[in-house]
2 protein chains.
Amino acid sequence: MSIPTIKFYVREGLLPAGELTSPNQASYGETHEQRLRLIRALLDVGGLSVAAVREVILAIDDPDRSVHKLLGTVASGLVPRYDREPNAGMEDARKQVAALIAARGWRVQPGNPASEALAVALAAVDEAGHGSFAGVLEAYADAAERVARADLGWVAHNLAREELVESVVVGTVIGDAIFSALRRMAQTDTSDRMYGQAT
Amino acid sequence: MSIPTIKFYVREGLLPAGELTSPNQASYGETHEQRLRLIRALLDVGGLSVAAVREVILAIDDPDRSVHKLLGTVASGLVPRYDREPNAGMEDARKQVAALIAARGWRVQPGNPASEALAVALAAVDEAGHGSFAGVLEAYADAAERVARADLGWVAHNLAREELVESVVVGTVIGDAIFSALRRMAQTDTSDRMYGQAT
DNA sequence: AAGGTATGGATAGTGGGACTAGCCACTATC
DNA sequence: GATAGTGGCTAGTCCCACTATCCATACCTT
């Protein structure tokens with residue numbers, strides 16, 4: 001981690017400035033190091049932008065924010081913002097999402113960024129046109145519930161707010177990367193079994 | 001979709017050139033349109049780079065490639081390349097990954113990009129230091145298996161190679177986005193139930 | 001005390017990625 | 001027969017994550 005990069009992070013508000021011991025000497029402590037690791041994890045592994053990391057950091061450092069709100073903020077920071085014009089496919093997709101939420105009894109706000117993102121993705125699958133994804137969606141939703149329970153269970157054993165809050169962030173962001181990798185491995189395995197020899 | 005952008009894609013080798021009906025008039029057909037939708041889906045929803053999309057397109061259009069190989073190519077194109085120096089944490093993480101693969105009986109090559117990515121992500125979680133992720137990993141792997149089976153099942157009903165191959169790509173790439181969104185929704189729900197009022 | 005090295009702070013520059021604009025010769029269309 | 005649009009080309013733009021350069025100062029060694 002080069003010094004210029006750290007300077008850059010400080011300027012960007014990702015990292016608090018070191019404590020000045022003299023006009024040209026600042027000391028960085030354990031918390032700085034920890035924070036730096038968090039930043040690198042979010043940037044490299046989580047693939048967040050610097051701006052998104054700043055959002056997340058601000059949320060973490062806001063002591064008035066409830067854990068539930070924090071998770072919401074982190075989730076929003078993570079979801080890519082699609083600014084595609086509304087078309088016919090999106091309407092159908094939104095209905096599909098609403099139906100799923102209702103069927104599962106999930107407590108999520110209607111205008112939620114995640115459900116918007118889901119609608120966009122479903123519309124894209126539909127446009128690409130290779131048959132209905134509906135059946136698969138159920139399996140995905142089952143898996144997502146399972147994963148979410150594991151996530152929150154993992155987080156729960158941290159009692160101190162500081163710790164808890166960082167766990168939430170790490171779990172949410174890096175969890176995505178972990179799951180993607182696992183999915184790809186499982187796909188490789190399944191595909192090997194199905195198509196390993198033929199086709 | 002603006003004309004300059006299409007020109008750009010043609011230059012970049014994502015899209016075949018239209019058939020010239022006269023020196024300055026090319027006609028684009030149904031397949032072009034379809035291909036364009038695929039490109040936009042991979043770029044926007046899948047978040048791939050133009051270079052990665054080119055890789056994928058080349059793989060799709062290579063009739064000598066088996067479906068299994070194709071899936072491998074797509075998966076590699078998707079996995080971000082981490083070029084972080086090997087450190088102590090990585091070694092542990094790799095062992096953890098190897099153990100997981102063994103325990104699951106997954107048929108994946110050892111040097112696999114996905115398992116490398118998994119190791120990096122696990123190392124990052126570990127470095128961030130909020131308790132062992134091991135238990136959660138099992139739940140993730142279960143979920144990943146379930147999702148992979150659903151994916152491949154969805155793909156399987158396409159008999160024509162063309163269709164099959166595009167389904168694989170779409171499912172792999174956009175499936176990631178879909179699952180992420182679902183996970184976030186399920187997390188929101190679970191967190192609402194756990195922390196909705198307090199903390 | 002002197003000189004080399006490093007730091008904090010600030011401004012400006014770099015390199016990569018994804019388009020986008022401008023130009024030219026030409027042609028389809030009104 | 002003017003207008004507007006196109007293929008093919010090069011060059012430019014914008015954004016983003018960093019880097020490099022500068023300066024005055026201060027630590028560190030001798």
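Throughout, protein chains are lettered first and strands after them, A, B, ... in sequence-line order, and every chain is numbered starting at 1.
One distance of note links CG of A/Leu15 with CG of A/Leu38; it measures 10.5 Å at 0.5 Å rounding. To the nearest 0.5 Å, the span separating CG on B/Leu42 from OG on B/Ser49 amounts to 10.5 Å. Taken to the nearest 0.5 Å, the OG1 atom of B/Thr188 stands 8.0 Å off from the CE atom of B/Met185. Atom CG in B/Leu14 sits 4.5 Å away from atom CD1 in B/Ile39 (nearest 0.5 Å).
Evaluation of the salt bridge (Lys or Arg N to Asp or Glu O under 4.0 Å) rule for A/Glu162 yields no partner, not counting sequence neighbours.
The salt bridge (charged side-chain N to carboxylate O under 4.0 Å, His left out) pairs that include a residue from residues 133-142 of chain B are A/Arg146-B/Asp142, B/Arg104-B/Glu138, B/Arg104-B/Asp142, where partners are two or more places apart or lie in different chains.
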Pull out every protein N or O sitting under 3.5 Å from an N or O of nucleotides 24-26 of chain C, one pair per line with the distance.
unit_1	atom_1	unit_2	atom_2	d
C/dC26	O2	B/Asn24	ND2	3.2

Taking only N/O atoms, report every protein-nucleotides 20-23 of chain D pair under 3.5 Å with atom names and distance.
none

Under 3.5 Å, N/O pairs linking protein and nucleotides 13-17 of chain D:
unit_1	atom_1	unit_2	atom_2	d
D/dA17	OP1	A/Val50	N	3.2

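A salt bridge links A/Asp61 to A/Arg35: at least one charged side-chain nitrogen sits closer than 4.0 Å to a carboxylate oxygen. A/Lys69 has no carboxylate O lying under 4.0 Å from a charged side-chain N of A/Asp62, or vice versa, which leaves the two without a salt bridge. By the 4.0 Å N-to-carboxylate-O rule, B/Asp176 lies close enough to A/Arg184 to be salt-bridged with it.
Comparing atom distances between the B/Ile3 side chain and each of D/dG7, C/dC19, C/dT7 picks out D/dG7 as nearest.
Helical stems involving DNA chain C, defined as 3 or more consecutive Watson-Crick or G-U pairs under 3.5 Å, span C:1-30 with D:1-30.
Under the 30°/60° scheme for interplanar angles, the aromatic rings of A/Phe179 and B/Phe179 are found to lie parallel.
The phosphate of D/dG7 has OP1 or OP2 within less than 4.0 Å of a side-chain N or O from B/Tyr28. The side chain of A/Thr5 contributes an N or O atom lying less than 4.0 Å from OP1 or OP2 of D/dT19.
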Audit row: A/Arg40, B/Glu127, salt bridge (Lys or Arg N to Asp or Glu O under 4.0 Å) steps and yes/no = CA-CA 10 Å; A/Arg40 293 311 318 177; B/Glu127 257 177 33; over 6 Å; no
